[in-house]
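The next block holds one structure in the form of structure tokens; read it before the comments.
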Amino acid sequence: MSYKKFLSIKVLVLTFITIISVLLLIAANVISGRNGQLQNHVAAMQLQRTVSEMSEKLEAQVEDAKQSVQRLKSYTTLLNPSNVNANDQLALLKQLMMENIQFESSYYSSYLALEPSKAQQYFNQDGYLLSVHKNLIQRDSQRYNRPQHMLTEMWNDPIYANDPRKFWYHLSKRNADIQVTPIYFDDEYLKTQLFSVSQAFYKQKDFLGVVGVSISVDSFLEDIESKNLGQSGGLFLADYQSGSLLSRIGTQGSHKLAFLNVSDRMSTSFYSGELKQPFWKDLLTQDTNSREVRTQQNVPYTLSSKKLRNLPWTVVGYQKTAELREDERFSTGSFTLLTSITFVLLLILLLVVYFLWIRPFNKLLRETAQFKGEAGEEFRISSYRLQELGQLSELFKKWASRIAQISKEKSQYLKHLQVSHSTLNEHKERLERNENELTKVKTEAQNSRTEAQKARLQIQKARVEIQRYKLETQRARVQANIANQAKTQFLANMSHELRTPMNAIIGYTEILQEDARDHGLMEFIPDLQKIHGASYHLLDLINNLFDLSRIESSKMDLYIETFDIAPMIQDVTTSITPLLEKQSNILKMECDSALGTMSADLTKVRQNLLNLLSNANKFSKQNTIQLMVTRENLEGVDWVVFKIVDHGIGMTAEQIHKLFLPFSQIDASPTRRYGGSGLGLAITKQFCQIMGGDVSVESKFGQGSVFTMRLPAQVNQLN
């Protein structure tokens with residue numbers, strides 16, 4: 001029948017590929033249309049997400065400012081007109097106001113304004129306005145947010161309470177809730193553009209004044225004004241009540257000016273003038289996902305807006321519509337290219353199917369058109385019908401079945417033969433292995449019994465030795481503690497008992513020197529001065545012993561006080577000058593220009609510095625000794641570093657190793673050239689460690705030494 005021609009493999013394959021191609025073409029058209037819609041939605045979503053993120057960031061800054069104002073309000077409890085330490089509490093209040101604005105760069109100032117009657121009651125003044133603000137000169141440096149570099153100003157003129165234009169004060173006075181002011185230029189006090197977050201504070205429902213935080217408009221709007229959306233877009237902030245444009249739109253010559261051509265803050269309104277358009281009111285007063293508008297030059301822009309919840313402000317994002325759709329065109333082109341590649345691959349598949357399947361199969365059918373099977377049957381195969389596949393399949397099944405049967409029988413015979421050989425070999429190997437293992441087990445059992453006996457004897461001996469060592473260790477520890485306590489008590493008692501007579505000797509030598517001068521007996525003065533100097537040296541040795549005993553007995557106390565570093569260094573250099581003159585040495589100082597203050601034990605810092613300078617002077621003669629003082633900040637901690645450099649005899653590595661040990665001398669020969677008790681540097685290191693610092697040394701024999709003392713600028717009191 002003629003219709004059976006269409007059952008040809010060639011015809012069926014070509015028909016199937018044609019149907020797939022048509023279906024792919026229809027699907028490509030449908031997907032292309034939907035892909036364009038999806039790209040428009042995705043482009044608008046990106047603009048909307050950017051606007052939402054910026055609005056959330058601005059609202060978070062305002063919420064943080066409100067929390068800061070609430071903290072300021074709690075600090076006002078420090079104000080108490082009856083407190084005799086009012087100045088100290090006022091200083092603490094200023095410090096808290098500085099710390100309140102240090103963690104947010106947009107915060108510019110904290111302020112406290114008292115009601116005039118309360119200013120008269122608290123401070124006996126007509127008004128009281130206290131402002132703590134950052135230094136704009138240091139805005140780009142790390143000092144900008146640090147409290148120690150902030151500025152404090154105070155005004156006594158009550159103009160802020162009498163002038164209703166000072167709405168940062170009057171808004172809070174009329175309403176006890178936290179108030180946020182519009183943007184204004186503070187020409188009276190801070191001379192910059194700000195907006196304020198403020199709140200009134202009361203005492204038993206009695207209005208006392210207003211506290212608040214002022215936010216710099218430059219810092220607050222910096223992210224909005226610098227944000228770029230592609231090549232033509234950006235963000236701006238507007239007041240939806242008045243329609244004022246609050247932020248700049250780019251700088252002069254910027255591509256952003258092509259949208260509105262406005263580069264100054266608060267210089268125009270969307271509700272009047274050249275920019276007045278009907279859509280601005282809707283866009284600013286409600287959240288808009290996306291809206292397309294046209295500029296005066298008829299250029300289409302896509303806009304998205306988001307209102308702030310706590311302020312009458314709206315964040316608006318804009319970008320050229322053509323730029324937003326560039327990605328869409330790219331995606332559509334990519335999809336078209338992909339569709340073309342798919343059709344090319346289908347064509348290649350058609351050729352591959354023809355040359356690798358249809359053509360060889362037709363050849364096979366022609367070669368097997370006449371075939372007689374095992375039973376003598378004859379196969380006549382038509383090249384136009386699929387029935388030949390069934391006949392050819394039956395023939396192949398018979399061939400495959402016979403071949404598989406022969407192969408299976410061969411495999412079974414080989415398998416039986418291999419199993420027999422392997423079984424025999426396994427029995428032989430198992431017998432030999434069992435004999436060897438039996439011999440080995442007997443030998444190991446005998447060795448194990450011998451080793452176990454030895455191990456038991458060793459364990460018993462070890463237990464006895466361990467017990468003996470424990471007893472000896474405990475006895476030695478007790479004896480060492482007793483000896484250490486006795487030594488410490490002896491040093492403390494002797495130091496205390498010796499200081500009284502030594503102070504008397506020093507006093508009497510000073511009296512004798514004055515008497516000798518009064519009676520003209522000048523020949524006695526040198527001897528009396530030697531006695532006086534020796535007594536001071538011995539008293540210093542006794543004091544060192546007393547300090548060492550107190551350190552070892554953990555009774556050394558710190559007396560923390562805040563002092564200027566530069567005067568302390570000058571005092572030390574004045575004290576060390578006579579010793580330098582005896583050795584013909586010169587002291588050269590190199591100090592930072594702004595060392596500031598430090599809180600530490602002043603006496604111990606001076607003593608450490610005197611010990612290090614005396615040590616450098618002792619081992620130098622006719623040389624220059626350098627004293628360098630710097631201030632460093634490491635990992636958020638301020639350190640004061642004292643470095644003493646001498647060009648004396650220097651030290652070896654062995655001498656450096658025992659330099660800070662008590663009673664240790666680097667010159668331990670019987671004929672010592674340099675005096676000293678060996679306690680000064682040991683006590684210096686102990687004092688440094690007690691105050692949280694340390695002292696280190698670098699030296700080369702014959703070339704001099706460098707001692708470095710590092711102390712924290714804020715020493716914590718020992719518990």
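Counting from 1, the numbers follow the sequence of the chain as shown.
Atom CD of Glu153 is surrounded by more than 12 heavy atoms from other residues, nucleotides or ligands within 6.0 Å. Residue-environment remark: CD1 (Ile137) stays at or below the threshold of 12 foreign heavy atoms within 6.0 Å. Annotation for Lys66: atom NZ counts as buried by contact number, over 12 foreign heavy atoms lying within 6.0 Å. The number of heavy atoms from other shown groups lying within 6.0 Å of NZ (Lys588) does not exceed 12.
Judged purely by atom type and a 3.5 angstrom limit, Asp592 uses its side chain to pair as donor or acceptor with the backbone of Arg631. Not a single donor-acceptor pair under 3.5 Å links the side chain of Ser198 to the backbone N or O of Val211. Judged by distance alone, the side chain of Ser584 and the main-chain N or O of Leu580 form no donor-acceptor pair under 3.5 Å. A donor-acceptor pair under 3.5 Å links the side-chain atoms of Asp601 to the main chain of Tyr559, judged by distance alone. Between the side chain of Asn617 and the backbone N or O of Leu579, at least one donor-acceptor pair lies under 3.5 Å. Tyr160 contributes no side-chain N or O that, together with a main-chain N or O of Ala113, makes up a donor-acceptor pair within less than 3.5 Å. When atom types are taken as modelled, the side chain of His647 and the backbone of Ser705 share no donor-acceptor pair closer than 3.5 angstrom. Between the Lys643 side chain and the Phe707 main chain, no donor and acceptor come within less than 3.5 Å of each other. Counting only distance, with no hydrogens or angles, the side chain of Asn162 and the backbone of Pro158 share a donor-acceptor pair below 3.5 Å. Looking at Arg248, its side chain never comes within 3.5 Å of a backbone N or O of Leu221 through a donor-acceptor pair.
Nearest heavy-atom pair across Gln199 and Ala176 is NE2-O, 3.2 Å. Minimum interatomic distance between Leu47 and Leu303 (heavy atoms only, all atoms of both residues): CD2-C, 4.2 Å. Annotation for Ser620 and Asp646: closest pair OG-CB, 3.5 Å, computed over non-hydrogen atoms. Annotation for Asn608 and Thr684: closest pair OD1-CA, 3.4 Å, computed over non-hydrogen atoms. When all heavy atoms of Gln319 and Ser232 are compared, the pair lying nearest together is CG-OG, 3.8 Å. Nearest heavy-atom pair, Glu561 versus Leu602, reported as atom, atom and distance to 0.1 Å: OE2-CB, 3.3 Å.
Aromatic ring centroids of Phe220 and Phe195 lie under 6.0 Å apart. The aromatic ring centres of Phe201 and Phe207 sit 6.0 Å or more apart. For Phe270 and Phe236, the ring centers are positioned less than 6.0 Å apart. For Tyr128 and Trp155, the ring centers are positioned 6.0 Å apart or more.
Pairs engaging residues 605-616 under the salt bridge (Lys or Arg N to Asp or Glu O under 4.0 Å) rule: Asp571-Arg606 [sequence neighbours left out].
With a 4.5 Å cut-off on side-chain heavy atoms, Val641 and Met709 do not count as touching. The shortest side-chain heavy-atom distance between Asp126 and Asn156 does not fall under the 4.5 Å cut-off. The closest side-chain heavy-atom distance from Ser305 to Tyr240 is not below 4.5 Å. Side-chain contact between Asn633 and Val637: absent, with no pair of heavy atoms (C-beta onward) separated by less than 4.5 Å. The shortest distance between side-chain heavy atoms of Met54 and Ile224 falls below 4.5 Å. Taking the side chain as every heavy atom from C-beta outward, Leu609 and Phe642 approach each other to under 4.5 Å. Using a 4.5 Å cut-off on side-chain heavy atoms (C-beta onward), Tyr122 and Leu208 make contact. Looking at Tyr111 and Leu130, their side chains never come closer than 4.5 Å, going by heavy atoms from C-beta outward.
Rounding to the nearest 0.5 Å gives a distance of 11.0 Å between CD of Glu99 and OG of Ser110. The CG atom of Leu93 sits 10.5 Å away from atom CE of Met98, with the distance rounded to the nearest 0.5 Å. Considering OG of Ser68 and OH of Tyr107, their distance stands at 4.0 Å, rounded to 0.5 Å. Atom CG in Leu612 sits 9.5 Å away from atom CG in Leu627 (nearest 0.5 Å).
With sequence neighbours left out, Lys307 forms a salt bridge (Lys or Arg N to Asp or Glu O under 4.0 Å) with no residue at all. Residues forming a salt bridge (Lys or Arg N to Asp or Glu O under 4.0 Å) with Glu632 (at least two apart in sequence, or on another chain): Arg710. Judged as a salt bridge (Lys or Arg N to Asp or Glu O under 4.0 Å), and not counting sequence neighbours, Asp177 has no contacts. Under the side-chain contact (heavy atoms from CB on, under 4.5 Å) criterion, Arg146 pairs with Gln142, Gln148, His149, not counting sequence neighbours. Checked against ring-ring contact (aromatic ring centres under 6.0 Å, His included), Phe563 has no partners two or more places apart in sequence or in another chain.
A salt bridge links Lys57 to Asp223: one of the charged nitrogens lies within less than 4.0 Å of a carboxylate oxygen. Under 4.0 Å is where a charged nitrogen must lie from a carboxylate oxygen, and between Asp218 and Arg265 at least one such pair does.
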Verdict with reasoning, Gln714 to Met598, per side chain to side chain contact (heavy atoms under 4.5 Å, CB included): CA-CA 6 Å; Gln714 182 69 39; Met598 67 183 294; over 6 Å; no
Using the salt bridge (charged side-chain N to carboxylate O under 4.0 Å, His left out) rule, take Lys173 and Glu115 through it: C-alpha gap first, then chi angles, then the decisive distance, then the call. CA-CA 9 Å; Lys173 184 177 180 180; Glu115 181 74 3; 3.2 Å; yes
Going through the checks in order, is the side chain to side chain contact (heavy atoms under 4.5 Å, CB included) test met by Trp313 and Ile183? CA-CA 11 Å; Trp313 297 346; Ile183 295 175; 4.0 Å; yes
Salt bridge (charged side-chain N to carboxylate O under 4.0 Å, His left out) between Glu104 and Lys134: does it pass, once the steps are laid out? CA-CA 11 Å; Glu104 184 61 51; Lys134 300 176 182 178; over 6 Å; no
Gln570/Met589 under side chain to side chain contact (heavy atoms under 4.5 Å, CB included): CA gap, chis, key distance, verdict: CA-CA 10 Å; Gln570 188 64 38; Met589 292 189 296; 4.2 Å; yes
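Checked against Tyr108 for a side chain to side chain contact (heavy atoms under 4.5 Å, CB included), the options Ile215, Thr192, Val217 give a single hit: Thr192.
Between the side chains of Asp186 and Gln193, no donor-acceptor pair of N or O atoms lies under 3.5 Å.
Under the 6.0 Å distance and 45° angle rule, Lys604 counts as a cation-pi partner of Phe687.
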